[in-house]
**Student:** 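Below are the structure tokens for one structure; questions will follow.
Side-chain atoms are counted along with the backbone in the values below, which use heavy atoms only and exclude waters and symmetry mates.
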Amino acid sequence: MERRVAERLRGALGPLGLEAHAFKVGWYNAVLQPAFHLPYPDDTLAFVVLSTPSMFDKALKPFVTKERLKIIRDPVDQCISHHLFHVKEKFPDQRVDIMFDYEMLPSRKPKFLAQTAAHVAGAAFYYQRKDVKLDPWGKKKIFGVCIHPKYGGWFAIRGLLLFPDIQVPFLEQPSPVDCVSTEEKRIELLEQFNFHWQDGRYRDIIEVKERYSEEQKAYFATPPAERLRLLGLSQESQ
């Protein structure tokens with residue numbers, strides 16, 4: 001069942017520059033405190049959805065062209081939402097729950113921890129402070145970051161698709177590719193991500209197969225309120 005669902009998702013999302021990676025809810029809940037658990041049985045089938053560099057041209061720009069008068073908030077969020085709800089319609093006999101990376105619970109906690117989901121699904125390796133043996137940061141707060149084996153840091157985690165009626169007790173957990181395997185490189189990655197994230201150097205910590213285009217870099221480097229103009233939208237069109 002998992003394979004059929006995965007193939008259908010790949011067929012729907014792949015042409016949009018999106019990836020879907022399967023995991024069991026229990027894998028995710030096992031590495032987190034109860035406050036962050038997903039409220040489903042451990043064997044519930046779920047998928048974490050990533051956007052790759054090609055999403056900008058394959059999904060976002062066509063969406064903006066078609067829906068320009070309906071864009072009232074962040075175009076990327078609306079684009080991803082549009083396509084994931086369209087994918088949900090491809091499973092009329094299944095319950096499909098969708099969570100987006102920007103959604104919050106009433107407690108102001110995120111609905112899910114995106115980087116943890118990507119790691120347990122084997123989609124991208126979540127490098128954290130605990131992955132460095134000789135910690136050089138003392139009392140500084142150090143945030144972790146996911147690195148994709150193909151795209152490095154040139155990708156984003158966009159949401160979850162959960163299938164509450166599909167239980168997959170025998171699904172085997174894949175290990176994420178440890179592509180930043182040396183101590184020196186891990187320190188360099190976390191240093192760049194935490195203290196120099198604006199220049200984006202952490203994204204190229206490995207040799208990548210594909211990265212954001214110059215147009216896409218400019219878009220994400222622009223303050224959100226000014227991004228509409230880059231896509232040919234005016235503030236008035238909101």
Side-chain angles (χ1 to χ4, degrees), residues 1-3 5-6 8-10 12-14 16-53 55 76-77 79-81 83-85 87-88 91 94-105 107-131 143-169 171-180 189-190 193 202-203:
M1 180 58 121
E2 176 273 330
R3 195 166 296 166
V5 173
R8 199 180 299 182
L9 288 177
R10 275 196 291 272
L13 297 175
L16 300 168
L18 301 173
E19 292 182 353
H21 297 262
F23 68 98
K24 289 201 302 187
V25 165
W27 302 346
Y28 174 92
N29 287 349
V31 297
L32 292 171
Q33 297 172 348
F36 292 102
H37 284 186
L38 294 170
Y40 300 86
D42 281 352
D43 288 334
T44 302
L45 177 62
F47 291 83
V48 61
V49 178
L50 315 180
S51 63
T52 73
M55 181 277 294
V76 173
D77 289 348
C79 173
I80 299 297
S81 174
H83 287 300
L84 292 192
F85 278 108
V87 164
K88 180 177 179 176
F91 298 91
Q94 299 288 347
R95 177 182 157 197
V96 184
D97 293 346
I98 303 175
M99 295 182 186
F100 296 102
D101 64 299
Y102 52 82
E103 290 186 297
M104 308 291 279
L105 295 166
S107 64
R108 303 307 298 159
K109 288 189 177 76
K111 276 197 173 181
F112 74 99
L113 298 183
Q115 300 199 102
T116 299
H119 185 93
V120 300
F125 200 108
Y126 184 23
Y127 292 98
Q128 302 176 72
R129 188 174 195 158
K130 65 181 178 61
D131 297 310
F143 294 97
V145 60
C146 271
I147 295 296
H148 191 287
K150 183 177 179 182
Y151 306 116
W154 301 102
F155 78 103
I157 305 158
R158 299 297 182 182
L160 299 185
L161 295 169
L162 298 116
F163 292 78
D165 300 330
I166 302 179
Q167 302 296 299
V168 284
L171 187 64
E172 292 188 12
Q173 184 171 9
S175 296
V177 178
D178 181 5
C179 48
V180 187
L189 170 65
L190 294 175
F193 180 70
Y202 78 90
R203 299 178 188 270

**Student:** How close do P110 and M104 get, heavy atom to heavy atom, and via which atoms?
**Tutor:**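 Shortest heavy-atom contact: CA-SD, 3.9 Å.
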**Student:** Is the F125 to H119 ring centre distance short of 6.0 Å?
**Tutor:**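 Yes, they do, as the ring centres are separated by less than 6.0 Å.
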**Student:** If you take all heavy atoms of N29 and H37, which pair is closest and at what distance?
**Tutor:**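 Taking every non-hydrogen atom into account, O-NE2, 2.8 Å.
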**Student:** How many angstroms lie between CD in E2 and CD in E172, if you round to the nearest 0.5 Å?
**Tutor:**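 Those atoms lie 10.5 Å apart.
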**Student:** Over all heavy atoms of both residues, which pair between P174 and A121 is shortest? Give the atoms and the distance, please.
**Tutor:**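 Heavy atoms of P174 and A121 come nearest at CG-O, 3.4 Å.
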**Student:** Which residues satisfy the ring pair (Phe, Tyr, Trp, His ring centres under 6.0 Å) test with F155, sequence neighbours excluded?
**Tutor:**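 With sequence neighbours excluded, F155 shows a ring pair (Phe, Tyr, Trp, His ring centres under 6.0 Å) to H148, given in chain and number order.
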**Student:** Measure the spacing between CG of L160 and CZ of F23 and express it to the nearest 0.5 Å.
**Tutor:**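 Going from the CG atom of L160 to the CZ atom of F23 covers 5.0 Å.
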**Student:** Search all heavy atoms of D178 against all heavy atoms of Y127 and return the closest pair with its distance.
**Tutor:**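 Of all heavy-atom pairs spanning D178 and Y127, the closest is OD1-OH, 2.7 Å.
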**Student:** Measure the spacing between CG of L161 and CD1 of I98 and express it to the nearest 0.5 Å.
**Tutor:**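 Answer for the CG-CD1 pair, L161 versus I98, is 5.5 Å.
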**Student:** Once side-chain contact (heavy atoms from CB on, under 4.5 Å) is applied, do any residues pair with F91, and if so which ones, sequence neighbours excluded?
**Tutor:**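 If we apply the side-chain contact (heavy atoms from CB on, under 4.5 Å) test to F91, skipping adjacent residues, the hits are V5, R8, L9, V87, Q94, V96, F163.
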**Student:** Any non-hydrogen side-chain atom of T52 less than 4.5 Å from a side-chain atom of K150?
**Tutor:**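 No; the side chains remain at least 4.5 Å from each other.
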**Student:** Ignoring hydrogens, what is the shortest heavy-atom contact between K24 and D42? Give both atom names and the distance.
**Tutor:**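 Taking every non-hydrogen atom into account, CB-O, 3.6 Å.
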**Student:** Do you know the tightest heavy-atom contact between C146 and A124?
**Tutor:**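 Shortest heavy-atom contact: CB-CB, 4.1 Å.
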**Student:** So V168 and L45, side-chain contact (heavy atoms from CB on, under 4.5 Å) or not? Walk me through it.
**Tutor:** CA-CA 6 Å; V168 284; L45 177 62; 4.0 Å; yes
**Student:** I'd like to know if the side chain of Q115 and the backbone of G144 have a donor-acceptor N/O pair within less than 3.5 Å.
**Tutor:**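 Yes: the side chain of Q115 pairs with the backbone of G144.
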**Student:** Just how far is it from atom CZ of F143 to atom CG of L190, taken to the nearest 0.5 Å?
**Tutor:**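 Rounded to the nearest 0.5 Å, the CZ-CG separation comes to 12.0 Å.
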**Student:** Would you compute the distance between atom OG of S51 and atom CD1 of I80 and round it to the nearest 0.5 angstrom?
**Tutor:**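 Between S51 OG and I80 CD1, I get 5.5 Å after rounding to 0.5 Å.
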**Student:** Verify side-chain contact (heavy atoms from CB on, under 4.5 Å) between Q167 and T44, making sure each step is shown before the conclusion.
**Tutor:** CA-CA 5 Å; Q167 302 296 299; T44 302; 3.2 Å; yes
**Student:** If you round to the nearest 0.5 Å, how far is CD1 of I147 from CG of L189?
**Tutor:**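 One gets 5.0 Å once the value is rounded to the nearest 0.5 Å.
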**Student:** Answer yes or no: is there a donor N or O on one side and an acceptor on the other, between the side chain of Y28 and the main chain of L113, under 3.5 Å?
**Tutor:**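 Yes, the answer is positive, given that a donor and an acceptor are paired below the 3.5 Å cut-off.
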**Student:** Is the shortest heavy-atom distance from the side chain of P53 to the side chain of Y151 under 4.5 Å?
**Tutor:**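 The answer is yes, as the side chains (C-beta and beyond) meet within the 4.5 Å cut-off.
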**Student:** By the definition side chain to side chain contact (heavy atoms under 4.5 Å, CB included), identify the one residue from V76, L84, V48 that meets it with R158.
**Tutor:**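 Looking at V76, L84, V48, the match for R158 under the side chain to side chain contact (heavy atoms under 4.5 Å, CB included) is V76.
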